[in-house]
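Report on one structure; see the data block that follows.
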Number of protein chains: 2
Amino acid sequence: MKVLVAGGAGFIGSNLVDELLAEGNEVVCIDNFFIGTERNIEHLKDNSKFTFINIDLSDLESLKRVFEQHEFDFVYHMAANSDIQASAKNPQVEYKNTYTTTFNVLECMRLYGVKNLFFCSTSAIYGDSDGKLMDENYSPLQPISYYGACKLGCEGLISAYSYMNDFHALVFRFPNVIGPRLTHGVVFDFIKKLRANPNELEILGDGNQCKPYLYVLDLVKCIQRFSNNLPQGVTTYNVGVDSATSVTKIAEIVVEKMGLKDVEFKYTGGKGGWKGDVPKFAYDLSKVHGAGWISSMTSDEAVAMTVEKVL
Amino acid sequence: MKVLVAGGAGFIGSNLVDELLAEGNEVVCIDNFFIGTERNIEHLKDNSKFTFINIDLSDLESLKRVFEQHEFDFVYHMAANSDIQASAKNPQVEYKNTYTTTFNVLECMRLYGVKNLFFCSTSAIYGDSDGKLMDENYSPLQPISYYGACKLGCEGLISAYSYMNDFHALVFRFPNVIGPRLTHGVVFDFIKKLRANPNELEILGDGNQCKPYLYVLDLVKCIQRFSNNLPQGVTTYNVGVDSATSVTKIAEIVVEKMGLKDVEFKYTGGKGGWKGDVPKFAYDLSKVHGAGWISSMTSDEAVAMTVEKVL
């Protein structure tokens, strides 16, 4: 198969590219290095089945030229602004990098007759359910971050494009993903802070914010498993781990793996870390479990493995 | 109050402007005459409380200048591509005129500290429920038109902007609205066709597509009633009429009001009129009825009154 990975130099995208190449696919990767990095795809530069194109997906005309040159069997759309905390200060980042990129990918698929799509959605589309268990039909959908808002808009687009153009689309809503090539988020921040000062660690909130962390290689395997046999229309799954890890627990794991002792944790206090953050949520994974997939690591194991890989 | 009506020269917008002026408000109206017309606001040109500005809302910089010059208490965002059938052929119309206009309005509200919003949403965000009764928490939301998709995206944005910036937002999801100044849709089309040929009428589909039609002045009164006392956060209502009118019934009303006889109805056949059209749906209005509002006309009465006004 010839596939496009949009955002393929990013954290999840580049791990997916590795998996797709390992399976024998021909991969065209688009990235503008907004969040993705050259380092993530450096090891592929002599791979004859790998083509890299540096364009900005928010530029429709550039993207059209790629679809003119290549006939894709499948599009994996992994590009988005994934740094929710950054876009909380400037929603225009989400408009451009999350919504517009998705619109343009869908437009090119429509215009050039590509029928198969994988899309990275997010638990952020649900908003703050205050601990209620969220399955794929949970409602109302009330995102509290611009990121969640734009991803919900993307899901709406995929629904309409799928109906109007007979696309097969696979949508995964997943929570925090961690692992090799991670570029931001709490695990990343703690390591950076502790390298600067190994005696104390500032922790946003009260440390009780508890989230499931999914290991990136678990996710990538899951994407491929379900992409290989897509039904007509849109198929949506919550994908994640049953367990969760508190911010304090993450701090403890990082401290331990870094071999530090007597680190003082300084909490800023409050419910959430920053505005737009969802302090606590519970994900109903019955559907994906029912389809025969389960993550290979717990949330704590994913955190520990990530710290080892990132250090 | 000083209010902005974005899309105020349009069908619903201009009827709302009349109502807002009648209540004594100072109204700034923005329109680019994409669908709105100069004729809809012609009668207001000597009204000292009315200001018209011709800009394209998808141009953020132009819109910022308006917010710099005026301090608004309330924004009514009525601008969108409302011609679903047209955008079915070109989704870029929805991206620009429905989604981007909304994003820009919200950005300006955030940047200039305006806290109160009314937004026109639509039953099209629900998709095709195949006759199931849809209340405000109906799920899953699977729009089948680009219009419904972009409006769902707008609702997502409003949810996040409201949370992040303490907006009070009123969102109405309504079905087909008809009445004076209507510019497109089935009533409009039938009149046009019958003027051209009073002997026969082509009807898309099998004529059984049955939808509730809401009279525009009913809608405008409802907007004002609920806008005057907005709670914190986002408040969403289905707004509509309990009854519905089939396409064949509309044809019969138009024929009767035009004083025609022996008109032959020619059906194109099939379930829906065109792809992306929702052939049949039922709206749960318990919430808005519970809040004390009910439409003054039935769907059939709204159709009949509209034909009289448009003829």
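Sequence lines set the chain letters: A, B, ... in the order given, protein chains first and strands last, and positions in each chain run from 1.
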Open item on the list: Counting heavy-atom pairs closer than 4.5 Å to chain B, which one of A:G148, A:G153, A:A160 comes out on top?
Closed with: A:A160
Task: A:E107 portion near chain B, given a 4.5 angstrom heavy-atom threshold - done: side chain
Task: Straight-line distance of A:Q142 CD to B:I158 CD1, nearest 0.5 Å - done: 12.0 Å
TODO: Go through the atoms of B:T100 and report whether side chain, backbone, both or neither lie under 4.5 Å from a heavy atom of chain A.
DONE: both
Open item on the list: Need one label for A:E94: side chain, backbone, both or neither, based on atoms under 4.5 Å from any heavy atom in chain B.
Closed with: neither
TODO: Under 4.5 Å heavy-atom distance to chain A, tell me which part of B:E155 shows up: side chain, backbone, both or neither.
DONE: neither
- [ ] Pick whichever of B:L106, B:N137, B:L152 has the most heavy-atom pairs under 4.5 Å with chain A.
- [x] B:N137
- [ ] Over all heavy atoms of both residues, which pair between B:G156 and A:A149 is shortest? Give the atoms and the distance, please.
- [x] O-CB, 3.2 Å
Open item on the list: Report which part of B:L60 has an atom under 4.5 Å of a heavy atom belonging to chain A: side chain, backbone, both, or neither.
Closed with: side chain
- [ ] Check whether B:Y99 gets within reach of chain A through its side chain, its backbone, both or neither, counting any heavy atom under 4.5 Å.
- [x] side chain
Open item on the list: Just verifying a value: how many Å separate A:L141 CG and B:S139 OG, rounded to the nearest 0.5 Å?
Closed with: 7.0 Å
Task: Pairs of heavy atoms under 4.5 Å with chain A: top-ranked of B:P140, B:P143, B:C150 - done: B:P143
Task: For the student: nearest non-hydrogen atoms of B:Y146 and A:N165, plus distance - done: OH-ND2, 3.0 Å
Open item on the list: Return the NZ to CZ distance between B:K96 and A:F103, rounded to the nearest 0.5 Å.
Closed with: 12.0 Å
